[in-house]
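Below is one structure; the comments refer to it alone.
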Amino acid sequence: MSLLECTGEIFKEKSYRQAVKGTAPAAPTRGCQALPGEVPALEAAFAQAQTAPSLAEGRRARHSGSGLGEGELPAAPCAPPLPRQRAPSSPTLLPRASREGDSSRQDRGPSPHQDCGHPWTAGRLSGCADSHTRFPQLPEGASLLWLCTPEMAAPKVAVVGAGVIGLSTALCIAETCPSCSVMVLSDQFSPNTTSDVAAGMLIPHTYPGTPIHVQKQWFKETFTYLFAISNSAEASEAGIHLVSGWQVFKNTPKEELPFWSDVVLGFRPMSEAELQKFPQHRFGQAFTTLKCDCPPYLLWLEKRLKATGVQMYTRKVADLWELHSEYNIVVNCTGIGAHQLVGDEKLFPVRGQVLKVHAPWVKNFIRDGDGLTYIYPGIHRVTLGGTREKESWSLSPDPGATKGIFDRCCSLEPSLRGAQDIKVKVGLRPSRQCVRLQREVLSQGGVKLLVVHNYGHGAGGFSVHRGTAKEAARLVGECIAALQGSSSRAKL
Ligand code: FAD
């Protein structure tokens with residue numbers, strides 16, 4: 001059965017649960033490893049889903065279930081509006097709205113087709129102008145065919161974590177699967193995440209365990225996405241802007257052309273005249289890239305999520321198993337929190353301390369090629385960095401490090417001696433050899449839980465967040481296809 005054949009079927013959460021649910025899990029376990037061989041039906045469905053067309057391909061491909069050809073529409077496949085979601089039962093679950101007095105955060109948002117009278121339309125969107133307003137990234141003529149059939153219940157997806165990875169992943173899922181009911185659960189939201197501390201520069205960090213072409217693709221997708229925002233009227237609110245500057249080296253690096261050099265704009269070696277500004281450095285690269293001012297960008301993502309109908313709740317998840325009775329799929333975007341949540345020993349903190357200063361005359365970024373010293377001007381503040389302390393879990397500012405950062409940055413840009421209002425921030429980079437971007441079937445006592453992991457972005461989460469979020473959303477699509485396969489087999 002292919003992904004598209006699935007779309008013709010009724011997704012029956014109840015029958016899925018009956019099919020997979022034997023007894024309730026005895027006691028939550030740490031580590032949550034899938035047990036090979038225990039979940040043949042779902043794994044087989046996964047295998048089939050992987051050979052099925054991707055979401056984008058699926059939109060173009062033939063809809064065998066309804067006999068539709070490429071680009072054709074089902075006649076009038078509008079489902080009734082989704083019922084309002086029941087309130088979460090856990091006492092630890094606080095609507096994010098209640099913290100901020102924004103009651104609309106609790107509501108399931110409007111269908112993307114509310115205004116045109118097609119609550120959950122399957123088919124081409126070109127006849128529905130509003131869909132492209134709400135989902136501007138959809139290519140002209142693209143359809144939301146996937147998973148939007150009349151009788152289908154909404155698959156429930158919990159995204160755990162509200163840093164840049166959790167919020168962008170939830171947004172990608174909501175955009176690619178508008179019939180999903182998506183909820184973000186997190187113990188902290190902006191401004192209290194690691195993502196709020198980051199400088200937010202789009203200069204990739206290299207993941208040794210991930211093929212370079214994959215990293216480049218993630219970076220390119222992220223750059224393209226943010227570049228579009230930087231060229232829109234939303235740029236200021238989203239905190240996204242272009243910034244030009246220099247990466248300087250005391251010795252010529254082995255790799256003079258980094259893999260991302262043709263993604264950023266105007267990458268070139270620095271001229272002799274430019275290098276005169278940096279008497280201790282012999283070589284340099286000049287380019288223009290993007291910078292996110294992180295807290296505004298996170299708030300902008302939250303606003304987009306709200307507009308797309310995603311709910312956000314404050315909740316600490318002690319074990320992914322605690323979500324199995326409420327959600328069909330759980331997406332783990334907990335950053336360094338995954339070390340404890342899923343017992344990932346490969347994940348370790350790299351402590352980073354930065355200063356956020358007022359120095360509005362600094363307009364260009366300067367980065368020492370060793371990655372340790374950097375000056376990144378944002379819209380309101382300049383970020384001065386930094387430190388990299390492997391395996392340090394301390395979130396307390398270190399006064400010695402503050403002085404060291406300030407002195408190093410002043411040696412690169414002496415005018416910073418006049419900086420004012422110096423604030424110190426500390427964050428733990430969720431580091432791994434490679435980002436954990438994969439799905440997993442957890443199984444316990446005959447009960448299964450579908451999980452997609454998206455964490456471990458280390459020093460480069462902002463640089464690749466949109467690319468990895470898109471991939472995570474694609475994996476969620478595979479999970480839904482697998483659930484539908486499981487459900488239809490249970491019916492037979
Ligand atoms: P986080 O932002 O930590 O989010 C994790 C979320 O999960 C939080 O909301 C947390 O509350 C929640 N959570 C965790 N455990 C649980 C649980 N059990 N239950 C419920 N919720 C849970 N990257 C760049 O690309 N460019 C830069 O210039 C840059 N500069 C940086 C500077 C510093 C000093 C640091 C520290 C990092 C920098 N980074 C940069 C890296 C970037 O910040 C990270 O890669 C990115 O923020 C990781 O995002 P995340 O969403 O995975 O993690």
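It should be emphasised that the depicted structure is a prediction, and the values quoted were computed from it without experimental measurement. Whatever order the structure lists ligands and atoms in, that order sets their numbers, starting from 1.
Between the side chain of S230 and the backbone N or O of L242 there is no donor-acceptor pair closer than 3.5 Å.
The local environment of CZ in R417 is crowded, with over 12 non-hydrogen atoms from other residues, nucleotides or ligands closer than 6.0 Å.
Salt bridge present: K216 and D262 bring a charged side-chain N and a carboxylate O closer than 4.0 Å. Between R304 and E237 there is no salt bridge, since no side-chain N of the basic residue sits under 4.0 Å from a carboxylate O of the acidic one. With respect to the salt-bridge test (charged N to carboxylate O, under 4.0 angstrom), the residues E326 and R315 qualify.
Atom CD of E256 sits about 9.0 Å away from atom CZ of F267, to the nearest 0.5 Å.
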Put together the list of close N/O pairs, under 3.5 Å, between ligand 1 and the protein, could you?
residue: ligand 1; atom: 2 (O); partner: S195; partner atom: N; Å: 2.9
residue: ligand 1; atom: 2 (O); partner: S195; partner atom: OG; Å: 2.5
residue: ligand 1; atom: 3 (O); partner: T194; partner atom: OG1; Å: 3.0
residue: ligand 1; atom: 9 (O); partner: A162; partner atom: N; Å: 3.0
residue: ligand 1; atom: 9 (O); partner: S186; partner atom: OG; Å: 2.8
residue: ligand 1; atom: 9 (O); partner: Q188; partner atom: O; Å: 2.8
residue: ligand 1; atom: 11 (O); partner: S186; partner atom: OG; Å: 3.4
residue: ligand 1; atom: 11 (O); partner: D187; partner atom: OD1; Å: 2.4
residue: ligand 1; atom: 11 (O); partner: Q188; partner atom: N; Å: 3.1
residue: ligand 1; atom: 13 (N); partner: D187; partner atom: OD1; Å: 3.3
residue: ligand 1; atom: 18 (N); partner: V317; partner atom: O; Å: 2.8
residue: ligand 1; atom: 19 (N); partner: V317; partner atom: N; Å: 2.9
residue: ligand 1; atom: 21 (N); partner: D187; partner atom: N; Å: 3.1
residue: ligand 1; atom: 21 (N); partner: D187; partner atom: OD1; Å: 3.2
residue: ligand 1; atom: 23 (N); partner: A459; partner atom: O; Å: 3.0
residue: ligand 1; atom: 25 (O); partner: G460; partner atom: O; Å: 3.4
residue: ligand 1; atom: 25 (O); partner: F462; partner atom: N; Å: 3.0
residue: ligand 1; atom: 25 (O); partner: S463; partner atom: N; Å: 2.9
residue: ligand 1; atom: 25 (O); partner: S463; partner atom: OG; Å: 2.9
residue: ligand 1; atom: 26 (N); partner: M201; partner atom: O; Å: 2.9
residue: ligand 1; atom: 28 (O); partner: G200; partner atom: N; Å: 3.1
residue: ligand 1; atom: 28 (O); partner: M201; partner atom: N; Å: 2.9
residue: ligand 1; atom: 30 (N); partner: A199; partner atom: N; Å: 3.2
residue: ligand 1; atom: 45 (O); partner: G458; partner atom: O; Å: 2.7
residue: ligand 1; atom: 45 (O); partner: G461; partner atom: N; Å: 2.9
residue: ligand 1; atom: 47 (O); partner: S195; partner atom: OG; Å: 2.8
residue: ligand 1; atom: 49 (O); partner: S195; partner atom: OG; Å: 3.2
residue: ligand 1; atom: 51 (O); partner: V164; partner atom: N; Å: 3.4
residue: ligand 1; atom: 51 (O); partner: I165; partner atom: N; Å: 3.1

